[in-house]
Amino acid sequence: MGPREHLVELVGDPPVGQDADLAGPGERADLALLARALQFVEQIDRREERVRVGVLGVDGAETDRGVQDVRPSDDRTGHRGLPAEVVVSVDRHDQAHGPRSMVPREHNGSGAPANADTPDGARRSRGRTRYYVPDAPFGAPMAELPDKRTAFMDWYLAVVEASQLTDKRYPVKGMNVWTPYGFRARRQLDAVLVREIEATGSAAVEFPALIPSTEFAKEREHIKGFDAQVYWVTKGGLTDLDIPLVLRPTSETAMYPIFAVWVRSHRDLPLNVYQIVNTFRYETKTTRPFIRVREIHFFEEHTCQANEAHATERVRSNLAAFRRMAEAFALPYLPIRRPEWDKFPGAFYSVALDAPVGEARTLQLGSIHHYRENFSRPYGIRYEAPDGSQQYVHQTTFGLSERLLGAIVAVHGDAKGAVFPSAVAPYQVVVIPIPGSEAGEGPLRTATEATERLHRHGLRAHLDGGDERPGAKYYRWETAGVPLRLEVGRREADSRSLTSVDRLGTKGRVALDRLEHEVAERLAEFDRALRARADAAFAAAFSTATSLAELAGSTTVRIVAWCGSEECGHRIETAIDGALLGTPEEPLPTPLGDPGPCVACGATNGSRWAVAGRPL
RNA sequence: GGGACUGUGGGGUAGCUUGGUCCAUCCUUCGGGGUUCGGGACUCCGAGACGCCAGUUCAAAUCUGGCCAGUCCCA
C-alpha cells in the first residue's frame, strides 16, 4: 500500500490575477487535502506569483464559480501511490510555480512527480497547467519508510528493497536474485550455521537436486504433504522421461535410499550430515523476499540414530545449536512443538523455532523434526545391532533457510531501515572520508589507512570514497544496516582519532593506533544493545488470554490454556484468525502458573499452555 | 480452480475516458563537466520506456482481439 496518498484534483479556472476558488463537492471533500492544497497554493502565493485561492465551501454549493472538480484519484486512474495533485488554471504567460526545494522528493522516488519547479516542468493540458503536490508537508524531511508497527509488510518490503539485499526483478515469481551485498549477508549467515552444526559433529554432504518420482513417493504422508508444491522435470531434451523427476522440495527422499546403503552396522551410527543447497517449492500464496520464496536457500541436517532416545537427544542437541546460532543473530525466539495437524509431513513430531515480529505475527525461523522410524522403514535404513538383530534407525532433521535473514531484517530493522548484528553484517564498518575544500588529502589518506588496518585484522570494513556528500552516505549505509560508521574529516585526520557512530546512534571516538581493538569493542557493545532492544520487543510480544473472545484482534502473540484436542485447537485458530502454533518446548519468557481451563471447552483435565498467533 | 485488476526508461509515475496538440511528462537513476563536501548539494550537457502479436485507421501508448507476465480477492 505504501504511504497514504491521495489525489485531489482541484481545478480552478479563472485567469491569473483573479481569485481562484477551490472547493470540494460534499461527500468526497477531504479537508486535510484541501488544506494541503491550499498550503501549496499559498507557497505559490508567497513566491509573489499572482494566484489567489479561497475555499468557497465543501458542499459544492458554489463550485460553478471556477471550481470544477475535487475527487480522489483512484476513481479515475486506478493507480495507488499518486501524490495529491492540484490543477490550477493559470495564464500561460504567468506561470505559478515554486522553487524545486519547496517540493520535497519522495523517498526512493516513489510517487511525487513534484514538478512544480519550473515553467518548463509544469505540464499543460487542455489549457491548464498542472502542479503536483506531494502528500507531505512542505519543508518536511525526505519521506520515511512505511511505519513498521502499523504497516509491517509494506515496511519490510521497502527495507529489503532499499537495503539492496536482493533484486526482485527476476521474471519468475518467488525467485529473487542475490545481489553482492545480500550474498555477503547470506555467506556470513551460512558461516554461523556451519560453525555451530559442525561443532556438534555433523559433516557436510551434497545430494543431487533431482529425485526419481518412484523414490519420492515412498513415504505416504510425506508425498501427500508436498505433491501440490513440487516442480516436475518430465522431459530430457525432446524425449519424455520414463520416470519423471522431482526437483527437491526437501531432501529426505534423495538422501534416504543412499542412507540405506551407507548404514549397515551400529558402528555406522550416528550418521549426522547436513547440506546447504537450493530447494524448490511451488508456493501458491504471495511470495515475499526471504520469507516465502519458491527457490529456497536451505540448510538441512539429516541424521540416523540407533534408537528413539538417541534421536531425542539429537533434537536437544539441535535446539542447543540453534540457541548458539540465534545468539550470533541477536534473535530471540521460542521453540514450539507443533500440534499434530501441523507437523512436518511424515514426522513423529516437529519443533518449530518461531520469532514474534509484531502485531501477533510470527515468523517460523526453522524446524527440528523427530521421524522415529517413519522414513527408515519405507526406505529400508537398517543396521545390525551388537546383539545381531536388525534394527531400523530413528531419524531427525533440522531445517533452516534464508528466512533467518528475513527475520533479522524484520526483528532488528527500524524506521531507518535494516540493522545487522555484527556477525552477519555484510560490512561491519563503513569508513566515510569527509573531504572539504580546506582538508586536503588528509581525510582520504587516514580513511584508507583505517580501512586497511581493519582488513588486516579480519574485520569487514568498507571505504566509501564515492563523491556523494557525506550526509547522503550516512543515510545510505544506515538503510543498509551497517553496524558501525567511522567518519574521517580534517579533525580526525589531524588527531588520528576517528569519530564512530553505531547504527543505534551511539557516538564515540576511536584511536587510530588501537583501531581494531576499539572497533571490536564498539561492535560488541552494539551487539549487546541490539540484543537488548530485541529482547525488550520479544518480552512485549506475548500476552495471555483466558477466553476465545479475547483472541479476536490480538495485537500480541497469545498464550492460552488448551486441552490438547484438535477440535479446540481449531476453535482457537478461528478465534485469533491465525494458527495454534503449539506448546512451548522451552520455558516461556515470563513464567506462568498452572494453566487454567481450556479457553475453548473449559476442560481442566490435561490442559497445557499453548501459543497462538498469526504466522506470516 | 473461480473472479477482478494492472503492464509506459534501472525505479516510481503522467498521458488512455474523447486516437492527432506526444520523435511521450516529471521525479529518481545512469554517464560526463563545473562549483561543492561535518546529516539526503547545486548546476550545465547527455543517455534511457509505451509487455508481445495481430486488427481497425490517413494516424494507435490511447480503440478491438489474442497471447504473455504480474498483483489482489474468493475457494
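Throughout, a chain's letter reflects where its sequence line sits, starting with A, and its residues are numbered from 1. Since this is a predicted model, take the numbers as computed values, not measurements.
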Any salt bridge between A:Arg496 and A:Glu449, counting N to O under 4.0 Å? yes
Determine the Euclidean distance between corresponding [atom1] atoms of [M] and [N]; express it in Å to zero decimal places.
| N | M | atom1 | answer |
| --- | --- | --- | --- |
| B:U25 | B:C45 | P | 16 Å |
| B:A24 | B:A61 | C1' | 8 Å |
| B:U6 | B:C52 | C1' | 16 Å |
| B:G20 | B:U13 | P | 24 Å |
| B:U62 | B:A4 | P | 22 Å |
| B:C68 | B:G11 | P | 23 Å |
| B:U56 | B:C74 | P | 43 Å |
| B:U21 | B:A59 | C1' | 14 Å |

Write down the partner of [N] under the Watson-Crick or G-U wobble criteria, each distance required to be under 3.5 Å.
| N | value |
| --- | --- |
| B:U36 | none |
| B:G7 | B:C68 |
| B:U25 | none |
| B:A75 | none |
| B:C30 | B:G46 |
| B:A14 | none |
| B:C63 | B:G55 |

Of A:Glu468 and A:Arg476, the one whose closest nucleotide on RNA chain B sits nearer the 5' end is A:Glu468
Quick check: on RNA chain B, is the nucleotide nearest A:Arg288 upstream (toward 5') of the one nearest A:Pro470, or the reverse? Name the residue that is more 5'. A:Pro470
Are A:Phe344 and A:His222 near enough that their ring centres are under 6.0 Å apart? yes
Without decimals, in angstroms, what is the distance between [X] [atom1] and [N] [atom2]?
| X | N | atom1 | atom2 | result |
| --- | --- | --- | --- | --- |
| A:Glu487 | B:G40 | CD | P | 12 Å |
| A:Lys168 | B:A69 | NZ | C1' | 15 Å |
| A:Lys473 | B:U36 | NZ | C1' | 13 Å |
| A:Ile434 | B:G40 | CD1 | C1' | 14 Å |
| A:Tyr474 | B:G38 | OH | P | 8 Å |
| A:Asp467 | B:G33 | CG | C1' | 12 Å |
| A:Glu441 | B:C37 | CD | C1' | 14 Å |
| A:Leu444 | B:C37 | CG | P | 16 Å |

Given B:G11, B:G40, B:G38, the nucleotide with the shortest approach to the side chain of A:Ala472: B:G40
Looking at A:Gln229, A:Met175, A:Arg281, which one forms a side-chain contact (heavy atoms from CB on, under 4.5 Å) with A:Arg294? A:Met175
Aromatic A:Phe420 / basic A:Arg503 pairing, under 6.0 angstrom, 45° off normal: no
Is the charged tip of A:Arg469 near the ring of A:Tyr474: under 6.0 Å from the six-membered ring centre and within 45° of its axis? no
What contact category does A:Gln164 fall into here, base, sugar-phosphate, or nothing, at under 4.0 angstrom with non-hydrogen atoms? nothing
Give one of base, sugar-phosphate or nothing for A:Lys173, where a contact means two heavy atoms less than 4.0 Å apart. sugar-phosphate
If you go through the side-chain atoms of A:Arg485, does one of them form a donor-acceptor pair with the base of B:G39 closer than 3.5 Å? yes
Return yes if the base of B:G12 and the side-chain atoms of A:Glu161 contain a donor-acceptor N/O pair under 3.5 Å, otherwise no. no
Parallel, tilted or perpendicular for A:Phe290 and A:Trp178, by the 30°/60° rule? tilted
Contact between A:Arg509 and A:Thr499 at the side-chain level, heavy atoms closer than 4.5 Å - yes or no? yes
Check this one for me: any side-chain N or O of A:Arg490 less than 4.0 Å away from OP1 or OP2 of B:C37? no
Check the phosphate of B:C72 against A:Thr286, side-chain N and O only, distance under 4.0 Å to OP1 or OP2. Yes or no? yes
